[in-house]
Amino acid sequence: MDKKTICSILGPKGGVGKSNVSANLAIALAQMGKRVVAVDLDLGGANLHAILGVKEVRYTLEDLILRKVKTLEETAIDSGFKNLRVICGGTDVHNIANISFQQKVKLINHIARLDCDVVILDLAAGSSYNVVDFAFIANRNLLVTTPEVTSLMKVYTFIKSAVFRLLTVVFREAKVVELLDIVERAKDVTANPHLKSIESVLNEAEKISPKAVAFARKKLSGFIPDIVINRVQSKNDAQVGTVVSKLLKDYVGIESNVLAYIPEDEAVKKAIFTLKPVMATSPQSEFSKSILKIAASLIT
Ligand SMILES: Nc1ncnc2c1ncn2[C@@H]1O[C@H](COP(=O)(O)OP(=O)(O)OP(=O)(O)O)[C@@H](O)[C@H]1O
Ligand SMILES: [Mg+2]
């Protein structure tokens with residue numbers, strides 16, 4: 001790995017396994033000799049440290065937001081696992097979940113400067129600004145979903161909203177109001193069926209500012225989510241990744257990669273009761289084996 005890998009863990013809805021994947025993936029990478037920092041960015045719903053089994057939380061992200069510390073680095077606490085530090089999310093929803101855009105930009109800069117080889121970002125569910133803005137600083141994005149139809153439907157809306165947010169940020173920076181107006185109109189598909197696909201939005205915007213659209217296209221082409229299907233139970237579930245990938249290509253115009261299938265595994269639930277992560281309690285479990293494969297693919 002030449003430069004730092006920033007890997008975001010995304011999910012279209014709650015409870016699909018983002019935090020368990022984040023915690024155990026961080027341990028796996030640390031075991032492979034990488035210096036890892038796992039950051040809990042589920043602002044307001046932080047539980048990554050609990051999954052890792054960290055009992056004493058000395059600092060949280062909130063300390064940086066409230067300027068009790070100067071750098072994010074200072075909030076990275078020992079996880080108890082060699083090579084792995086964790087940055088805990090704050091608990092006061094008022095302080096942390098409502099951070100301003102400027103605070104977010106500062107936080108993003110701090111994340112980029114963390115002294116490590118890999119940063120794992122455990123994000124909240126859905127495509128709120130606090131999720132998407134962090135996802136776009138990552139150079140790898142793991143999109144975790146379960147195989148149920150309800151989850152899969154949400155993947156499409158999730159990625160589409162993420163792309164709209166990216167366009168809004170890029171076009172706002174370009175300071176061309178008409179571009180933002182196109183994105184807003186595209187959100188109402190019934191009133192503006194001609195702006196249904198992302199490509200049609202970009203084509204319309206290109207007439208106004210080819211430069212801004214070229215920049216947006218460049219950013220979008222770098223966003224290639226790695227799909228992880230978690231809690232797989234039947235053989236049929238094993239085709240779900242391909243279906244999701246095709247959905248994203250055909251309806252949002254986004255390339256993606258089917259990275260892994262993680263089986264439903266009792267070891268995950270058992271680990272919760274021991275207050276330790278699965279990689280520690282059951283390193284030979286199917287869950288842990290899948291996580292090790294994902295880790296290996298991230299560092300090659
Ligand atoms: N492969 C698996 N096998 C069995 N149980 C699993 C598996 N993956 C996750 N779980 C269970 O699913 C639940 C939700 O997991 P987790 O907290 O990691 O999800 P999340 O996506 O981070 O949720 P949230 O959106 O609330 O933050 C946990 O109780 C966990 O034990
Ligand atoms: Mg979580």
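Whatever order the structure lists them in is the order used to number ligands and atoms, beginning at 1. In what follows, every heavy atom counts, from backbone to side chain, and hydrogens, waters and symmetry copies are set aside.
Below 30°, between 30° and 60°, or above 60°: for Tyr251 and Tyr156 the angle between ring planes is above 60°, a perpendicular geometry.
Using a 4.0 Å cut-off between a side-chain N of Lys or Arg and a carboxylate O of Asp or Glu, Asp133 and Arg165 qualify as a salt bridge. We find that Glu178 and Lys207 are not joined by a salt bridge, their nearest charged nitrogen and carboxylate oxygen being 4.0 Å or further apart.
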side-chain hydrogen bond (donor to acceptor under 3.5 Å, both in side chains) for Asn130 and Lys104? Distances and angles first, verdict last.
CA-CA 8 Å; Asn130 279 348; Lys104 204 168 7 182; 3.0 Å; yes

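Of all atoms in ligand 1, listed by their number and element, those nearer than 4.0 Å to a heavy atom of Asp42 are 27 (O). Close approach of ligand 1 to Phe287 (heavy-atom distance below 4.0 Å) involves ligand atoms 1 (N). Taking a cut-off of under 4.0 Å to the non-hydrogen atoms of Asn230, the atoms of ligand 1 that pass are 1 (N), 2 (C), 7 (C), 8 (N), 9 (C). Near Gly14, the atoms of ligand 1 lying under 4.0 angstrom from a non-hydrogen atom of the residue are 25 (O). Counting atoms of ligand 1 from 1 in the listed order, those under 4.0 Å from a heavy atom of Asn20 are 15 (O), 16 (P), 17 (O), 18 (O), 30 (C).
Closest of all the heavy-atom pairs between Leu298 and Cys7 is CD1-SG, 4.0 Å. Closest approach of Ala267 and Ser285 over heavy atoms only: CB-CB, 3.7 Å. Residue Ala205 comes nearest to Phe171 through the heavy atom pair CB-CZ, 4.0 Å, listed as atom of the first residue, atom of the second, then distance.
Residue-to-ligand polar distances keep Asn47 apart from ligand 1: every N/O pair is separated by 3.5 Å or more. Residue Ser19 places at least one N or O, backbone or side chain, under 3.5 Å from an N or O of ligand 1. Considering both main-chain and side-chain atoms, Asp122 never comes within under 3.5 Å of ligand 1 through any nitrogen or oxygen pair. Taking only nitrogen or oxygen atoms, main chain and side chain alike, Gly17 reaches within less than 3.5 Å of ligand 1. Here's the thing with Val16: one of its N/O atoms is less than 3.5 angstrom from an N/O atom of ligand 1.
In this structure, Asp63 contributes its side chain and Val69 its backbone to no donor-acceptor pair below 3.5 Å.
Here the protein heavy atom with the shortest distance to atom 31 (O) of ligand 1 is Ile272 CD1, 3.0 Å. For atom 12 (O) of ligand 1, the closest non-hydrogen atom on the protein side is Arg231 NH1, 2.9 Å. Looking at atom 3 (N) of ligand 1, its nearest protein heavy atom turns out to be Asp265 N, 2.9 Å. Shortest contact from atom 21 (O) of ligand 1 to any protein heavy atom: Lys18 NZ, 2.7 Å.
Within the structure, salt bridge (charged side-chain N to carboxylate O under 4.0 Å, His left out) contacts touching residues 223-241 (residues at least two apart or in different chains) are Arg140-Asp226, Arg231-Glu264.
Side chain to side chain, Thr150 and Glu148 fail the donor-acceptor criterion of an N or O pair below 3.5 Å.
Annotation: protein N, O or S atoms under 2.8 Å of the Mg ion (ligand 2) (waters excluded) comprise Ser19 OG.
Counted within 6.0 Å of NZ on Lys13, heavy atoms from surrounding residues, nucleotides or ligands total more than 12; the atom is thus considered enclosed. Around the NZ atom of Lys187, the shell of radius 6.0 Å holds more than 12 heavy atoms that belong to other residues, nucleotides or ligands. Other residues, nucleotides and ligands place more than 12 heavy atoms under 6.0 Å from the NZ atom of Lys160.
A side-chain hydrogen bond (donor to acceptor under 3.5 Å, both in side chains) with Ser19 holds for exactly one of Asp40, Asp122, Asp42; it is Asp122.
At least one heavy atom of Gly15 sits closer than 4.0 Å to an atom of ligand 1. Ligand 1 lies less than 4.0 angstrom from a heavy atom belonging to Pro263.
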